[in-house]
Amino acid sequence: MSDKKLSTDSYKGVRDFYPADMAVQKYIFETWTKTAESFGFERYDASILEPADLYKAKGAENEELVNEQTYTFTDRGGREVTLRPEMTPTVARMIAGKQRELALPLRWYSIPNLFRYERPQKGRLREHWQFNCDIFGGDEITADIELIALAYQTMINFGVNPQKFIIKINHRTFLRELLRKNGSNDIISATRVIDRMDKLPVEEFKELLKEVVPENNVEKFYTELNQADKSLIDSVDTNLSLMRVIDGLRELGIETAFSPSLARGFDYYTGTIFEVFEVDQGGNPTGRAMLGGGRYDNLTMMFSNEPVSGIGFGMGDVTLRDFLEENNLIPERVRSTTATVTVIPETIEQNLPAEKIASEIRQAGISVATDIGSQKTDKKKARASDRGTKFIIVIGETEITSGIITVKNLKTSEEKSGTPSELTDFIKQNTSVN
Ligand code: HAM
């Protein structure tokens, strides 16, 4: 065997979750779960492995995601396999697979990990977890409204002040019409260019626009892309559902910002599209999107001749977590991963009796850890306190012979003695939830 030691670094662009990180991740997942279920969404899941064909279907051949960002390999049986880069094609496949049996409309959610071969940077990694919520068979625009209301409520349930984020909204038809008016029919390549508007210097972006619309329309088109004037919607199509979505959300007390330049990178969107950004003091979007989604009416057509409409969004854990950390929105209690009670045997001879006592207290639904290390009792007490345990119970010869143990509340120093079953009420009463 070679003497060269392996690196302890994780693979580029993915994260290890040590317990303190995992505690925050768990809090994020629990908040997502609670919010989705409060809207009546049901959870589904699938494997991270998908046949590569799922992402190569017609219409997707130009996609940056498919061509440059997927992890694709050939398995031992010669099949081309992809680590899922997003959940939408998977869920469309699952819906189409049981289309006859499923009673529409359906509200489904999932929290998959996704893999994209991106250049790792702030807010962008090669593996992220994404809260996916979709409504299938909800053809009415009320589905769009409900979905965006769910996205909004998710932010609120993390304790975010509505002043701190903005929901940008647009409609694919609007974008298509705007392009048509300016002499372009190629919405697919246009969205890819427009998607980069906020990421490029103005002049560089305008240069790119020359590939989208005739050169003499570039200035006009650029101005229109930057106008957030809702009368623009009317000028394109008075029946456009976008206005109804915006007004409907307002009735629910949710403000959105009409953004003609919002394009979204996927070719499958056909209607409402939206994204949520953090905003600075002046109300201007900063950084990367925390959430993005839209309506896609034809995705199940890859699998069957009967289309089922879908509308949904994905919210990433990376940008959300950065945002919550930067705004001090992760409650302290979340980070405490230690058991409520730590039982401390004085010597290793008392380890097994200590395990028995711990087991008795656990029967009452209290979490108990036993410190079976070989350190001195004082060291163990200090360690239990550092880890944030609320109560300690020291077990020595006396406790074992008498069967009477003493529990100490580390915060108040209050102590109580009795049999394990006599002490569980005391522990429960003194376990403050904060
Ligand atoms: P997306 O805009 O590609 O949409 O991703 C949604 C969110 O996932 C982004 O706003 C971002 O927070 C996060 N995200 C995406 N890529 C990365 C990455 N490399 N690192 C960290 N976070 C990332 C979709 O994926 C659509 N399939 C969403 C959807 C569901 N549309 C309809 N239903």
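Counting starts at 1 for both ligands and their atoms, in listed order.
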Trainee: What atoms in ligand 1 come closer than 4.0 Å to a heavy atom of Gly292?
Mentor: 10 (O), 28 (C)
Trainee: Should the proximity of Ile311 to ligand 1, defined as any heavy atom under 4.0 Å, be assigned to the side chain, the backbone, both, or neither?
Mentor: neither
Trainee: Quick one, Asp371 with Val343, criterion side-chain contact (heavy atoms from CB on, under 4.5 Å). Give me CA distance, side-chain angles, the key distance, then yes/no.
Mentor: CA-CA 6 Å; Asp371 188 341; Val343 176; over 6 Å; no
Trainee: Please work out, at 4.0 Å between heavy atoms, whether the side chain, the backbone, both, or neither of Leu320 comes within that distance of ligand 1.
Mentor: neither
Trainee: Are any of the heavy atoms in Gly123 under 4.0 Å away from ligand 1?
Mentor: yes
Trainee: Which residue from Pro112, Ala289, Gly312, Gly294 reaches closest to atom 12 (O) of ligand 1 through any of its heavy atoms?
Mentor: Ala289
Trainee: With heavy atoms of Asn132 as the reference, note each atom of ligand 1 found under 4.0 Å away.
Mentor: 30 (C)
Trainee: What about Phe277 and Phe165, are their ring centers closer than 6.0 Å?
Mentor: no
Trainee: Is the backbone of Ala289 close enough, under 3.5 Å, to the side chain of Thr319 for a donor and an acceptor to pair up by distance?
Mentor: yes
Trainee: Using a strict 4.0 Å threshold on nitrogen-to-oxygen distance, state whether Asp144 and Arg295 make a salt bridge.
Mentor: yes
Trainee: Only heavy atoms of Thr88, strictly under 4.0 Å: list the atoms of ligand 1 that pass.
Mentor: 26 (C), 27 (N), 29 (C), 30 (C), 31 (N), 32 (C), 33 (N)
Trainee: State the atoms of ligand 1, each with its element, that fall below the 4.0 Å cut-off from a heavy-atom position in Thr319.
Mentor: 12 (O)
Trainee: Indicate yes or no for a side-chain donor-acceptor contact from Ser304 to the backbone of Met301 under 3.5 Å, with no hydrogens or angles considered.
Mentor: no
Trainee: Would a distance-only check, ignoring hydrogens and angles, find a side-chain to backbone donor-acceptor pair under 3.5 Å from Thr370 to Ile372?
Mentor: no
Trainee: For Val318, counting its heavy atoms only, list the atoms of ligand 1 lying under 4.0 Å from any of them.
Mentor: 21 (C)
Trainee: My understanding is that we take every heavy atom of each candidate and find the minimum distance to atom 19 (N) of ligand 1. Doing that for His128, Arg126, Glu118, which one comes out nearest?
Mentor: Glu118
Trainee: Is Arg264 in contact with ligand 1, taking contact as a heavy-atom separation below 4.0 Å?
Mentor: yes
Trainee: Are any of the N/O atoms on Tyr296, whether in the backbone or the side chain, positioned under 3.5 angstrom from an N/O atom of ligand 1?
Mentor: no
Trainee: Out of Phe277, Phe274, Tyr268, Phe131, indicate the one that has the non-hydrogen atom closest to atom 26 (C) of ligand 1.
Mentor: Tyr268
Trainee: Checking the N or O distance criterion of under 3.5 Å, is ligand 1 in contact with Asp134?
Mentor: yes
Trainee: Compute the ring centroids of Tyr109 and Tyr44, then answer whether they are less than 6.0 Å apart.
Mentor: no
Trainee: Are Arg126 and Tyr117 in a cation-pi setup, meaning NZ or CZ lies under 6.0 angstrom from the ring centre and within 45 degrees of the ring axis?
Mentor: yes
Trainee: Output yes when Lys122 and Glu326 qualify as a salt bridge under the 4.0 Å nitrogen-oxygen rule, no when they do not.
Mentor: yes
Trainee: Working to the nearest 0.5 Å, report the span between NZ of Lys56 and CE of Met302.
Mentor: 13.5 Å
Trainee: Which is closest to atom 31 (N) of ligand 1 in terms of heavy atoms, Tyr269, Phe323, Phe313, Phe115?
Mentor: Tyr269
Trainee: Taking 4.0 angstrom as the limit and counting only heavy atoms of Gly316, give me the atoms of ligand 1 inside it, by number and element.
Mentor: 7 (C), 8 (O), 12 (O), 13 (C)
Trainee: May I ask you to list the atoms of ligand 1 that are less than 4.0 angstrom from any heavy atom of Met290?
Mentor: 10 (O), 12 (O)
Trainee: Go through it in stages, so that I can follow the logic: the residues are Trp129 and Phe17, the test is ring-ring contact (aromatic ring centres under 6.0 Å, His included), and I'd like the CA-CA distance, side-chain angles, deciding distance and then a yes or no.
Mentor: CA-CA 13 Å; Trp129 272 258; Phe17 291 88; 5.5 Å; yes
